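Please read the structure below before turning to the comments.
What you are looking at is a predicted structure, and each value in this text was computed from that prediction instead of being measured. Protein chains get the first letters and strands the later ones, always in sequence-line order, with residue 1 at the start of each.
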Amino acid sequence: MRAWRRFSPLQTALRLLARLGAAVVLLWALRGMDIRWEFVSDSPAQMGDLLGRMFPPDWAFAGEVVDPLVQTINIATVGTILAVLLSIPVAFLAARNTTFNRATYALGRLVMSVSRSVDSLIWALIFIIVVGPGSLAGALAVGVRSIGFVSKLFAEGIEEIDRGQVEAIVATGAGRFKVLLYGIVPQIRPVFAGVCIYRWDINIRESTVLGIVGAGGIGFVLNTAILGLEWSRVGLILLVILGVVVVSEALSAYFRKRVA
Amino acid sequence: MLEVAGLVKAYPGGDQVLRGVSLTVKATEVVFVIGPSGAGKSTLIRCINRLVEPDAGSVRLDGVEITRLTGAELRRARRHMAMIFQEFNLVERLTVMENVLSGRLGYVGLWQAWRRRFPPEDVELAFETLKRVGLSGFENKRADELSGGQRQRVGIARALVQRPKILLVDEPTSSLDPKTSEAVMALITRLAAEEQIPALINIHDVPLARQFAQRILGLNQGVFVFEGTPEDLTPAVLDLIYAGAGEELTSALGALSVSDTGV
């Protein structure tokens, strides 16, 4: 009879220890959160009460939601276009095969991480100070926030191109920019189109909350309704947001499939 | 006339791929280079148009020293050395016409290139050349819609519209079936003769080289070990050119049979 164990006794002990450790961390974090358990035990009733107030939604309010909704979509669209325009140079700097030298590569990567490490709500707060509250601040926030994501995926697309096609254009005696136009751009076009559409649909979702800090769009109406305890309006706005997000995701999925 | 003398190239961290290669291709001559994989055939061609930088040696095209050129001068020199590739290297997502016209990129301005507004005489030349390679009517097809043989014809057309002083041809048939290979090789040699330009052609297919060559050079481990006519290619000479090739495969097969019997 041959014995077989997946783990040695030492490994088994270490695995047990790791699980215990995770449990200790969880308990410690929960204690640190200072949870009021009487509120938690009350929460199902509160949730039911809240839903009761939201339904039926205030359909009559729908007319007043249209403009902020259009504004939200515009913030997302303008922000995405801005992000794409700014991301193109960043991506070429941050792709190993098109950057000029190590310093420009580092610069590209730096712009990427700065954009990504700050949330769009914080960008919105910054741009409200710079250009005042409203949808321009929102579009700038969405745009700057998206640069990291868009340029990272653009740069990956650039790094994956076929060297041979580029080599053939170089061999004709074409200069740097002609090589870019004929050897590189045609190869990355589908990736670019797909990323633009994908980011637009993410930005629709981002734009719905920007109004909470005063950067325009439907979030502002939502915040006002919550602060005014107008729960049936809140119910309507949430439904509208859900609808827009579902539609934009479906559109995005459809068009991304077409360009692939 | 192309004159290569003492060309040396080593890739970083590797052995020397070219160890002092010299050759001359005269005015309207078609020269074939044969040799095993890894002999340095592709590197030799790429050192001539400087897609690869040679470490030492000289390359002269009609008297102009290519190895010392930089920037715009190098690009101007490349217009005169048209290259045809093993994997065709067409820009897959561009049309046939755009691929052919890209052979004129060294001659037109950046703005014209971007707007796809090539001079009428360039467009006429492209139409005419497509007809000569048998692809009239394919202008607006995308390159990735074509078969292998058709793609290489587009590659040949792209090279010809450069109005080059020499054709540099790197294994033009390795991605093609035997019949298409023969047709493509016939086309390249016929067009070179019609244009009265020389060609330097790498090939691993010895029968094809025999069929089309005027002069054959044998490259092995970075040096020429043979020069002669197709008639000079005796079995003994082929053994010399291909010496060392396939040794790894032979030893691997040997190891396989030993382990088979050892069970």
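- With no hydrogens or angles considered, no side-chain donor-acceptor pair links A/Thr72 and A/Ser207 at under 3.5 Å.
- Note on ring orientation: taking the six-membered ring where Trp is involved, the planes of A/Tyr182 and B/Phe118 are perpendicular (angle over 60°, cut-offs 30° and 60°).
- Contacts between B/Arg50 and chain A at a heavy-atom distance below 4.5 Å are absent for every atom of the residue.
- The side chain to side chain donor-acceptor pair (under 3.5 Å) test with B/Glu98 singles out one residue from B/Arg158, B/Arg142, B/Arg116, and that residue is B/Arg116.
- A/Gln165 and B/Leu90 get closest at one heavy-atom pair: CG-O, 3.2 Å.
- For the residue pair B/Asp177 / B/Thr180, a side-chain donor-acceptor distance below 3.5 Å is found, with atom types taken as modelled.
- Chain B forms the most heavy-atom pairs under 4.5 Å with one residue out of A/Ala171, A/Ala174, A/Gly183, A/Gly175, and that residue is A/Ala171.
- For B/Arg46, the part lying near chain A is the side chain, with the backbone staying farther off; criterion is any non-hydrogen pair under 4.5 Å.
- No other option in A/Lys178, A/Arg176, A/Arg163 has as many heavy-atom pairs under 4.5 Å with chain B as A/Lys178.
- In this structure, no portion of B/Ala82 lies under 4.5 Å from any heavy atom of chain A.
- Contacts of B/Glu87 with chain A are absent, with no heavy-atom separation under 4.5 Å from either backbone or side chain.
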